[in-house]
Amino acid sequence: MAAPIRLEGPIALLGAGDHPHAARRLREAFSFLEWHEVSRPSPEAPSVRLRLDPALPEGAFWLTIDEAAQPPVIDIAGGPFSGVIYGAEELIQRRFRRVGKALEVQAGQVRQAPGLPYRTFWTWDHSTNW
């Protein structure tokens, strides 16, 4: 099992302009970190990269925490529309541990895709019996 990586201090946030909801959720959930929106990874600061992967289906995502990268990199790639948001929520809800003013994340990769392309149920009329 890989060792956790530690994120603290200034964090470079890439792709926030293209994925504002995911970026906002990360800033809210990890408000103890110092977020900086950038267009290129910083050679000094750990980074979180939000990006679209058109090869993934709607709602699918890859969450990659690279332990070999220095400084550490968390890559959240998602399918169109909601994939990046689901990847950010996976990190927020299941993949971190707070240690003081730092964040520890287990290195590795998580890949998920929904069984159905959309997470809704719609019917023509009110006759559905719940």
Side-chain angles (χ1 to χ4, degrees):
M1 185 172 196
I5 64 168
R6 187 177 179 103
L7 303 176
E8 59 188 327
I11 308 295
L13 181 58
L14 292 92
D18 294 330
H19 305 283
H21 180 69
R24 182 180 53 79
R25 286 290 297 131
L26 289 169
R27 279 192 224 96
E28 286 174 355
F30 306 130
S31 60
F32 53 91
L33 296 173
E34 187 182 322
W35 294 97
H36 297 277
E37 290 185 26
V38 296
S39 57
R40 288 183 293 207
S42 168
E44 296 90 29
S47 59
V48 175
R49 181 174 36 213
L50 307 173
R51 64 183 180 88
L52 175 69
D53 185 342
L56 293 174
E58 162 61 31
F61 67 87
W62 292 3
L63 175 61
T64 306
I65 298 103
D66 187 358
E67 68 178 323
Q70 285 303 322
V73 175
I74 296 177
D75 189 32
I76 302 173
F81 308 113
S82 62
V84 174
I85 295 167
Y86 286 122
E89 288 297 331
E90 177 73 15
L91 177 64
I92 292 166
Q93 295 179 22
R94 295 189 183 95
R95 303 291 167 180
F96 84 97
R97 182 171 75 103
R98 184 172 177 176
V99 180
K101 290 191 174 191
L103 180 73
E104 282 191 353
V105 183
Q106 192 65 38
Q109 188 174 67
V110 178
R111 294 180 179 207
Q112 289 187 12
L116 298 171
Y118 298 99
R119 292 173 170 95
T120 62
F121 176 76
W122 182 79
T123 182
W124 280 100
D125 60 22
H126 65 282
S127 64
T128 303
N129 184 355
W130 298 104

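Worth saying up front: this structure is predicted, and the values here are computed from it rather than measured. Here, residue 1 is the first one in the sequence, and each next residue gets the next number.
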Gap between atom NE2 of H19 and atom CG of L26 - 0.5 Å precision: 11.5 Å
Checking side-chain contact (heavy atoms from CB on, under 4.5 Å) between V48 and each of D75, V73, L13, L33, which is the one that passes? L13
P71 side chain reached by E44 side chain, heavy atoms, under 4.5 Å: no
Taking NZ, NE, NH1 and NH2 as the nitrogens, is one of them in E8 or K101 under 4.0 Å from a carboxylate oxygen of the other? no
Find the distance between OG (S39) and CG (L14) and round it off to the nearest 0.5 Å. 7.5 Å
Closest heavy-atom pair, P80 versus L56, reported as atoms and distance to 0.1 Å, is CD-O, 3.3 Å
Hydrophobic clusters here meaning ILVMFWY residues chained together by side-chain heavy-atom distances under 4.5 Å, can you tell me if I92 and F32 are in one? yes
Start with the C-alpha gap between F61 and V110, add the side-chain angles, then the distance that decides, and say whether side-chain contact (heavy atoms from CB on, under 4.5 Å) holds. CA-CA 8 Å; F61 67 87; V110 178; 4.2 Å; yes
Is there any salt bridge (charged side-chain N to carboxylate O under 4.0 Å, His left out) pair reaching into residues 28-38, and which pairs are they, with sequence neighbours excluded? R24-E28, R25-E28, R27-E37
Quick check: closest heavy atoms across L63 and R95, and the distance to 0.1 Å? CD2-CG, 3.9 Å
Given the options L7, I74, L103, P46 meets side-chain contact (heavy atoms from CB on, under 4.5 Å) only with L7
Group every Ile, Leu, Val, Met, Phe, Trp and Tyr by side-chain heavy-atom contacts under 4.5 Å, then state whether L50 and I65 land in the same group. yes
Contact summary for P72 and R6, nearest pair of heavy atoms: CG-O, 4.2 Å
Taking C-beta and beyond as the side chain, do Q112 and Y86 meet within less than 4.5 Å on heavy atoms? no
Rounded to the nearest 0.5 Å, the CD1 atom of I5 sits from the CZ atom of F96 at a distance of 14.0 Å
Could you tell me which non-hydrogen atom of E58 sits nearest to which non-hydrogen atom of P114, and how far apart they are? O-CG, 3.4 Å
Sub-3.5 Å donor-acceptor pair from the side chain of W35 to the main-chain atoms of F30, do we have one? yes
Minimum heavy-atom separation for P20 to G17, with atom names? CD-O, 3.8 Å
Interatomic distance, NE2@H21 vs OG@S82, rounded to 0.5 Å, equals 10.0 Å
